[in-house]
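As a basis for the values below, the full set of heavy atoms in this structure was taken, side chains included, without hydrogen atoms, waters or symmetry mates. Quick note on labels: first sequence line is chain A, next is B, and so on, each numbered from 1. This structure is a prediction, so every number in the text was calculated from the model and none was measured.
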Amino acid sequence: MVGASGILGDGSKAVKIHHLVKAPENTPQSISRRESWDATKPATVYKTPEMLRDGTPCTAATVILRTKGCVWWWKSGCTFCGYFNDVRDDVSADDLFAQWEEAKRLTNDFKGCKMVKVYTSGTFFEDRENPPEWQEMVLKETYEKGLELIVEAQAHLCNPEKLSWVAERHPGCTVAIGLEAYDDTVLRFHCNKGFSTKTWRKSVSDLRDAGLRVKTYLLFKPPFMSEGDALNLTCEWLKEVAPLSDEVSINPMNIQKNTVVDRIFRNREYRPPWLWSLVEMIERTHDEISNSNCRTIVHPTAGGRIRGAHNCKKCDVEVVAAIERYSVSRDLREFKGLDCDCKKVWKVEIENDLSLPAPLGQGRDRRLSRVDMVRAP
Amino acid sequence: MDERPLARSVVARHRFGRLFSLGDRNSPASWSPALILSSDDENLSFSLAPFEFSRDSSSLPAKLSIKTRTNLTLPFDGLDLWEATEGLVLPPSLVESNSGEFAAGGEILPISWQSLHHDLSLNNKDLVPSIIILTDAPQLANQKGLLSEALFILRTRFPSSLIWTPGIGGPDNCAILAWMGVDLFDLARSRHASSLGVILSENGPREVEESIDEDSSMSSQIIAWKNSLAATRSAIRQGNLRELVEKQAISSPRSVERLRIHDARMSSLDGSISGLSRVKGQFHELRCHSYSSRDDPLIQDWRQRVSLDHTPPEHQSKVLVLLPCSATKPYRLSASHKRFSRSITSNAVHEVIVTAPLGLVPRELEDIWPAGNYDIPVTGDWDSDELIVIRKMISEYTSRNNYLRIINHSGIEITSESLEIIDTRKALTAGSPEALENLNQIIEQSVEEFNLINVKESKHRLGKLRALSRFQHGTDKWLDGTGIQGRPPIFTIRKDGTQLALWNPRLGRFSFTKACLPLLEESGEFPEAHLMPGFDWRGDLFSSNVIDFKGSIRIGDEILVYQDNLLIGSARAEAAGWEWPDGPSRLARAQHRL
């Protein structure tokens with residue numbers, strides 16, 4: 001098809017990004033690697049300190065189950081989500097029941113826990129992903145044990161009938177929706193999220209109507225975005241979604257295997273955010289958010305590591321700790337006196353990103369000698 | 001969008017590096033290569049920084065604008081604001097995909113690796129933006145060869161636009177980027193250096209030297225920029241940008257890689273696309289002082305054309321004499337070559353000079369660019385790379401040209417399975433009486449053995465000029481039936497009493513007369529420029545009057561000028577083929593009108 005491409009094109013038709021990245025993941029080798037997991041064992045079970053909805057500190061159990069995965073990934077998939085690495089196509093209802101039993105065994109029947117987060121690498125109450133009888137069992141059992149329950153869902157799968165069904169079995173449980181960005185362009189292009197902000201607003205309204213709690217995830221620094229744009233835009237999104245949510249968790253990007261983000265990270269076209277950006281975001285939005293009833297949480301997964309939010313290495317531990325403390329205390333004094341030489345470098349990167357037409361950012365490696373960091377690219 | 005284009009003229013050029021005057025060309029307000037500022041930057045002079053940039057990313061895709069800081073568009077009555085949208089940009093590694101929303105603009109046009117592959121609107125020939133912004137330059141710079149490829153495509157597709165590669169330029173690589181066709185730079189890397197307490201100097205980043213009153217403030221960084229831009233502009237003007245590029249590249253492995261990749265790409269292309277000159281005159285020096293000079297496409301082009309194309313004068317086709325080079329150019333003016341010429345008593349042997357980095361220089365080509373102009377450091381020893389090149393060239397050159405014997409006075413050991421080689425040096429110095437005696441004896445012996453006939457001096461000269469014309473113009477047909485007159489080294493070429501051309505070695509070219517143009521046309525080897533029908537041709541050749549061109553055009557080439565397919569005159573190329581026919585300034589200077 002001569003003439004049907006740009007100056008450098010070879011005439012071949014453009015393909016969708018998820019085909020580029022997902023197709024290699026569906027090779028027989030890749031599937032067989034995924035299917036080497038034991039389907040009767042959950043992917044991960046661990047306990048962490050948490051806060052109950054009334055602000056009381058508690059211990060929470062997190063159970064990540066090995067499921068059939070997310071219907072959106074079957075069709076397309078988010079650019080950053082690597083949960084599909086933990087799924088297998090042939091998980092049966094029996095397997096899920098067995099996984100739940102195993103989770104209980106590992107946590108001694110959730111002993112000492114007042115909260116449980118049940119993550120299914122998709123939408124907990126989507127029947128194509130998880131059998132309804134299993135959903136029902138988890139909802140009821142956690143309710144009967146008096147555990148606060150958090151499950152996850154895609155916004156467009158929150159239909160009112162199903163939400164009432166959930167609310168009947170576990171009244172007042174929390175449904176966490178990965179909104180990622182409160183911007184339709186970013187949802188579509190940067191995240192490939194599969195729903196719009198309008199759909200999210202509708203799902204929030206339906207959750208409220210069903211008496212369920214709303215937790216919103218925002219993604220700090222989606223792919224194809226510079227650090228500067230991520231900082232400015234996420235601050236705005238946070239201020240807009242906080243009044244509509246009971247909790248907002250801002251998740252700084254961490255590089256999950258075999259995702260679009262992983263591919264561009266390996267090609268040095270993307271760097272996870274600076275920890276300083278997270279501090280800046282908290283400081284910029286604190287006053288406005290603290291007036292609302294919404295709780296904000298920033299938990300830098302893989303914080304301080306190259307594949308997670310990181311600084312220059314010297315200050316990472318200290319800054320991650322301050323961010324984690326803030327999520328509990330909501331006190332800006334956690335950041336008082338926090339400084340490092342790399343903060344100036346971060347600040348210039350933000351200024352450069354915002355002032356130059358380089359939408360993918362100009363960030364350089366943060367952990368070289370300072371002379372090498374500046375060497376001509 | 002009703003935007004006014006940037007007024008720009010090329011003042012000087014060296015390959016893809018061009019010095020533009022911006023604004024009124026009678027009194028330019030600024031120049032490029034130049035800086036483009038953002039609103040927070042120090043207020044620099046217009047001559048250094050003609051533009052200011054801003055980006056609004058409050059919603060994506062971002063809106064971009066560039067403001068002229070002084071009057072740069074006709075009729076020079078005010079400032080201009082050019083706007084564009086950034087589009088949604090996918091990184092280069094996802095090039096098979098398409099964001100679905102490309103950048104859009106008028107006088108400023110953002111382009112990415114992805115849009116180069118998928119945006120059909122870039123194929124529109126009427127698209128002539130004043131400034132092109134390569135928005136994913138930082139990412140392209142990270143992938144081997146991609147920046148080089150993107151710049152080559154942009155430079156040749158949009159010969160009249162200024163190119164900006166945001167975020168990657170610095171005082172330490174602006175000459176290299178200019179060499180590859182970039183015109184505009186920003187202070188992003190200098191701000192980064194300043195934040196790290198490092199000086200980004202013309203020689204690369206370095207720590208501040210405390211024993212001298214130095215700091216890493218932006219004022220210090222800008223001094224480095226001024227020095228580097230001044231050096232780059234001056235080098236383009238003087239035609240020695242390559243030297244600066246070679247010096248600058250070694251400050252960063254990425255710059256070295258990029259230069260090598262660019263050199264390889266340019267060397268694989270015709271000289272009209274890589275921007276080579278045909279003619280430079282005797283007074284321009286080509287300093288090949290570093291190892292990387294050998295990769296210069298100009299050097300590669302010479303080696304290739306001598307090895308694969310050149311044929312000796314007809315009367316010198318049997319015996320080849322290899323001679324060592326001399327520091328003096330042309331060689332014949334050196335003391336050593338004067339001695340050789342006393343020993344070479346026949347004009348029926350072909351003298352070829354062995355040298356680096358050009359490899360071989362046949363005697364009849366010693367006056368032309370770059371053989372008459374190069375200078376190299378001489379240690380007295382050849383290195384292995386030089387020896388490989390020379391031996392390969394001798395092998396390729398002799399296997400085409402059917403010599404019967406090689407008289408080797410070069411001092412380099414050479415072998416051949418098919419050809420007799422006689423070493424006249426025998427480990428002696430080239431100018432020693434014994435070696436010269438050997439040379440003379442073997443010449444005399446060869447004359448006898450091969451029945452070499454000394455031709456008349458006029459025939460000898462014509463034979464050399466024919467070989468020269470074949471090398472420079474691909475034909476010697478126009479010399480059929482001509483006679484040579486004049487006092488060496490300047491010769492007049494006449495036919496039937498009419499002067500056709502003058503050969504002046506100081507200019508390194510044939511100066512053709514009006515009478516010669518029909519003969520040049522007949523040869524079918526000279527490049528052609530076709531003017532707009534009905535246009536009354538008075539001045540020079542510009543994109544405004546040239547509608548088409550044919551052939552390979554190097555700077556200095558004689559171009560035949562046509563209108564309605566009729567030969568109407570000639571012109572001398574000031575721009576190489578890559579700038580034709582849409583280049584921003586004079587393409588060729590009128591020479592003759594018939």
S.K.: Spell out, as yes or no, whether a donor-acceptor pair under 3.5 Å connects the side chain of Gln143(B) to the backbone of Asn267(A).
M.R.: yes

S.K.: Taking the side chain as every heavy atom from C-beta outward, state whether Arg188(A) and Leu88(B) have any atom pair closer than 4.5 Å.
M.R.: yes

S.K.: Using a cut-off of under 4.5 Å on heavy-atom pairs, state which of Lys16(A), His190(A), Lys343(A), Arg268(A) scores highest against chain B.
M.R.: Arg268(A)

S.K.: With respect to chain A, which residue among Ala137(B), Ala188(B), Gly167(B), Ser115(B) yields the maximal number of heavy-atom pairs within a distance under 4.5 Å?
M.R.: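 Highest number of pairs under 4.5 Å: Ala188(B).
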
S.K.: Looking at chain A, which one of Leu134(B), Asp40(B), Ile199(B), Leu94(B) has the largest number of heavy-atom pairs inside 4.5 Å, strictly under?
M.R.: Leu94(B)

S.K.: Does the Arg258(B) side chain pair with the main chain of Pro377(A), one donor and one acceptor, at a distance under 3.5 Å?
M.R.: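 The answer is yes, because a donor-acceptor pair under 3.5 Å joins these two groups.
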
S.K.: Please flag which part of Ser58(B) lies under 4.5 Å from any non-hydrogen atom of chain A: side chain, backbone, both or neither.
M.R.: backbone

S.K.: Which bit of Met373(A) comes within less than 4.5 Å of chain B, counting heavy atoms only: side chain, backbone, both or neither?
M.R.: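 Both parts, backbone and side chain.
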
S.K.: Who among Arg266(A), Lys344(A), Glu269(A) has the most heavy-atom pairs with chain B under 4.5 Å?
M.R.: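 When all of Arg266(A), Lys344(A), Glu269(A) are compared, Glu269(A) has the most.
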
S.K.: Donor-acceptor pair, Arg263(A) side chain versus Ser93(B) backbone, under 3.5 Å?
M.R.: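 Checked: pair present.
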
S.K.: Between Ser38(B) and Leu356(A), is there a side-chain heavy-atom distance shorter than 4.5 Å?
M.R.: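 Not in contact.
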
S.K.: Which atom pair, heavy atoms only, marks the closest approach of Leu196(B) to Arg370(A)?
M.R.: O-NH1, 2.8 Å

S.K.: Of the non-hydrogen atoms in Ser57(B) and Leu233(A), which two are nearest, and what is the gap between them?
M.R.: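 Taking Ser57(B) first and Leu233(A) second, the nearest heavy atoms are O-CD2, 3.8 Å.
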
S.K.: Answer yes or no: are there more than 12 heavy-atom neighbours, outside Leu368(A) itself, under 6.0 Å from its atom CG?
M.R.: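 Yes, the 6.0 Å shell around CG holds more than 12 heavy atoms from other groups.
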
S.K.: In the structure I gave you, are the side-chain heavy atoms of Gln362(A) and His192(B) within less than 4.5 Å of one another anywhere?
M.R.: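 No. Closest side-chain heavy atoms not under 4.5 Å.
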
S.K.: Counting neighbours of NZ on Lys347(A) that are heavy atoms of other residues, nucleotides or ligands and sit closer than 6.0 Å, is the number greater than 12?
M.R.: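 12 or below, so no.
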
S.K.: To the nearest 0.5 Å, what is the distance between CZ on Phe224(A) and CD on Gln139(B)?
M.R.: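 Result: 11.5 Å between the selected atoms.
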
S.K.: Once rounded to the nearest 0.5 Å, what's the spacing between atom OG of Ser59(B) and atom CG of Asn232(A)?
M.R.: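 Interatomic distance, Ser59(B) OG to Asn232(A) CG, rounded to 0.5 Å: 12.5 Å.
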
S.K.: With a 4.5 angstrom heavy-atom cut-off, could you sort out which part of Ile168(B) is near chain A: side chain, backbone, both or neither?
M.R.: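 Looking at Ile168(B), backbone and side chain both touch chain A.
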
S.K.: More than 12 heavy atoms of other residues, nucleotides or ligands under 6.0 Å from CZ of Arg260(B): is that the case?
M.R.: no

S.K.: Counting C-beta onward and ignoring hydrogens, is there a side-chain heavy-atom pair between Ser99(B) and Phe189(A) closer than 4.5 Å?
M.R.: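 Yes, at least one pair of side-chain atoms sits under 4.5 Å.
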
S.K.: Glu86(B) versus chain A, heavy atoms under 4.5 Å apart: side chain, backbone, both or neither?
M.R.: side chain

S.K.: At a 4.5 Å cut-off on heavy atoms, which part of Pro110(B) comes close to chain A: side chain, backbone, both, or neither?
M.R.: neither

S.K.: Count the heavy-atom pairs under 4.5 Å between each of Pro357(A), Ser355(A), Cys342(A), Ala358(A) and chain B, then report the option with the highest count.
M.R.: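 Of the options given, most contacts go to Pro357(A).
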
S.K.: Can we say Glu349(A) and Arg189(B) salt-bridge, meaning some charged N sits less than 4.0 Å from an Asp/Glu carboxylate O?
M.R.: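 Not counted as a salt bridge, because no side-chain N and carboxylate O are separated by less than 4.0 Å.
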
S.K.: Under a 4.5 Å cutoff for heavy-atom pairs, which residue among Leu122(B), Val89(B), Leu140(B) has the most contacts with chain A?
M.R.: Val89(B)

S.K.: Got a second to check how far Leu360(A)'s CG is from Leu90(B)'s CG, nearest 0.5 Å?
M.R.: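 Leu360(A) CG to Leu90(B) CG: 8.0 Å, rounded to 0.5 Å.
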
S.K.: Would you mind telling me which of Ala376(A), Gly363(A), Gly228(A) has the largest number of heavy-atom pairs within less than 4.5 Å of chain B?
M.R.: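 Of the candidates given, the most pairs with chain B belong to Ala376(A).
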
S.K.: If we define contacts as heavy-atom pairs under 4.5 Å, which of Glu149(B), Glu101(B), Arg191(B) has the most with chain A?
M.R.: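 Looking at each option in turn, the highest pair count goes to Arg191(B).
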
S.K.: Could you tell me whether Arg366(A) atom CZ has more than 12 heavy atoms of other residues or ligands within 6.0 Å of it?
M.R.: yes

S.K.: Sort out for me which of Asp136(B), Asp186(B), Leu147(B) touches chain A most, counting heavy-atom pairs under 4.5 Å.
M.R.: Asp186(B)

S.K.: Out of Ile111(B), Leu120(B), Thr156(B), Asn123(B), which one pairs with Ile7(A) under the side chain to side chain contact (heavy atoms under 4.5 Å, CB included) rule?
M.R.: Asn123(B)

S.K.: Can you tell which of Asp372(A), Val348(A), Asp341(A) has the highest number of heavy-atom pairs within less than 4.5 Å of chain B?
M.R.: Val348(A)

S.K.: Where is the tightest heavy-atom contact between Val374(A) and Ala193(B), given as atom of each residue plus distance?
M.R.: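 It is CG1-CB, 3.6 Å.
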
S.K.: Could you tell me which of Asn98(B), Asn142(B), Val198(B) has the largest number of non-hydrogen atom pairs under 4.5 Å with chain A?
M.R.: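 Counting heavy-atom pairs under 4.5 Å, the top option is Asn142(B).
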
S.K.: Could you check whether any side-chain N or O of Arg375(A) sits under 3.5 Å from a backbone N or O of Pro205(B), counting only pairs where one atom can act as donor and the other as acceptor?
M.R.: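 Side chain of Arg375(A) to backbone of Pro205(B), a donor-acceptor pair under 3.5 Å: no, none is there.
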
S.K.: In plain terms, say whether Asp229(A) and Arg55(B) are close enough for a salt bridge, that is, a side-chain N and a carboxylate O under 4.0 Å apart.
M.R.: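 Between Arg55(B) and Asp229(A) there is a salt bridge, with a charged N closer than 4.0 Å to a carboxylate O.
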
S.K.: Under a 4.5 Å heavy-atom cutoff, which of Val186(A), Thr185(A), Asp353(A), Ile17(A) has the most pairs with chain B?
M.R.: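 The candidate making the most pairs under 4.5 Å is Ile17(A).
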
S.K.: For atom OH of Tyr83(A), decide whether the heavy atoms of other residues, nucleotides or ligands shown that lie under 6.0 angstrom number more than 12.
M.R.: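 Atom OH in Tyr83(A) is not crowded, with 12 or fewer foreign heavy atoms closer than 6.0 Å.
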
S.K.: Between Leu8(A) and His117(B), which heavy-atom pair has the shortest distance, and what is it?
M.R.: O-CD2, 3.5 Å

